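Remarks on the structure that follows.
Letters go in sequence order (proteins before strands), and every chain restarts at 1. Quick caveat: nothing in here was measured; it's all calculated off a predicted structure. These numbers come from the heavy atoms of this one structure, side chains and all, not from hydrogens, waters or symmetry mates.
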Protein chains: 2
Amino acid sequence: MTAKALRYYETVGLLPEPDRTASGYRDYPETVLDRLRFIRAAQAVGLTLGEIRGVIAFREAGRPPCAHVLELIEGRAADLDTRIVELAALRDELRRLDERGRTLSPDACSPGLVCHILNPAAH
Amino acid sequence: MTAKALRYYETVGLLPEPDRTASGYRDYPETVLDRLRFIRAAQAVGLTLGEIRGVIAFREAGRPPCAHVLELIEGRAADLDTRIVELAALRDELRRLDERGRTLSPDACSPGLVCHILNPAAH
DNA sequence: CTTGACCTTCCCCTGAGGTGGAAGGTTGAT
DNA sequence: ATCAACCTTCCACCTCAGGGGAAGGTCAAG
């Protein structure tokens, strides 16, 4: 959490504009710490700053964002399920390619194809 | 594979500069098709264009890139293993958060924390 | 001859979440 | 008085793999 990040959060609407000292320095209230802890916690579970802003907007509209947060959490969990399956399939394909590649002789690898492990000769 | 993509591949060194016709049009040899198939295959298994360029560099240096390709494949597979474990842990945490969040009353959600599901009160 | 469909180079834009630096002002300690 | 270490604003830049579109040249068909 750098000073730069705080300014960025301010520009994207995650932090309210703080009061300024007489010389123009930002004078944050203590309460910003809770806000920042929320942002960190939300980021840690994979929410984007845009989603986090949406949650904060609920709160600033005076309503508890809990139901919305649960939706986001469930949506993200479902996304992850999908993503994990995709990545596992890719990993399995990589392992198969590796197994097969080990049985191939580099001497038989055609320059034009770059590498026959990834680019087998067209049938 | 758009024309734009071909030009991009050329600028990043994945394609050799093709000959030109008298009027300046690119005049690709047939062999570019094998190259493009290689690029597609390599991208499909998750290699970046930078890695693909490295593989091609081996080939253009006159050596079969097979051993290097196997390293990349194994590295990517290992990365995926790690990534999958991380994502699964995150998903599990999201499910736990969801379970717990359902038991919490929105009425008890403190405005300062934004939402107590993600940001429980510091003890 | 003209039209439409190509091609060329060039530069800027995308999204996410910031980071880096320049130019200038302020503060607290020496 | 000066110095370092802050702060301010603003603008640019980073990754990644291209996409959009302007301004201008070319090719084949009608």
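Only A:S23, A:Y25, listed by number, bring a heavy atom of residues 13-37 of chain A to less than 4.0 angstrom from any atom of DNA chain C.
For A:D27, the CG atom is densely surrounded, since the number of other residues' heavy atoms within 6.0 Å is greater than 12. With a 6.0 Å radius and a threshold of 12 heavy atoms from other residues, nucleotides or ligands, A:R40 has its CZ atom at or below the threshold.
Without hydrogens or angle criteria, B:E74 side chain to B:E71 main chain gives no donor-acceptor distance under 3.5 Å.
Nucleotide C:dG21 holds its C1' atom 12 Å from the CZ atom of A:R7, rounded to whole Å. Across the protein-nucleic acid pair, B:E10 atom CD and C:dC10 atom C1' stand 15 Å apart, rounded to whole Å. Rounded to whole Å, atom P of D:dC16 lies 10 Å from atom CZ of B:R53. Taking atom CD1 of residue A:I39 and atom P of nucleotide C:dA16, one finds them 17 Å apart after rounding to whole Å. Rounded to whole Å, the distance from NZ on B:K4 to P on D:dG18 is 13 Å. Separating the CD atom of A:Q43 from the C1' atom of C:dA16 is a distance of 10 Å, rounded to the nearest angstrom. Atom-to-atom, CG of A:L6 to C1' of D:dC7 comes out at 13 Å; the value is rounded to the nearest Å.
When the nearest nucleotides of DNA chain C are assigned to B:A3 and A:Y8 by heavy-atom distance, the more 5′-ward of the two goes with B:A3.
A salt bridge links B:R102 with B:D98: at least one charged nitrogen is closer than 4.0 Å to a carboxylate oxygen. In summary, A:E17 and A:R26 do not engage in a salt bridge, as defined by a charged side-chain N under 4.0 Å from a carboxylate O. Between B:E86 and B:R83 there is a salt bridge, since a side-chain N of the basic residue sits under 4.0 Å from a carboxylate O of the acidic one.
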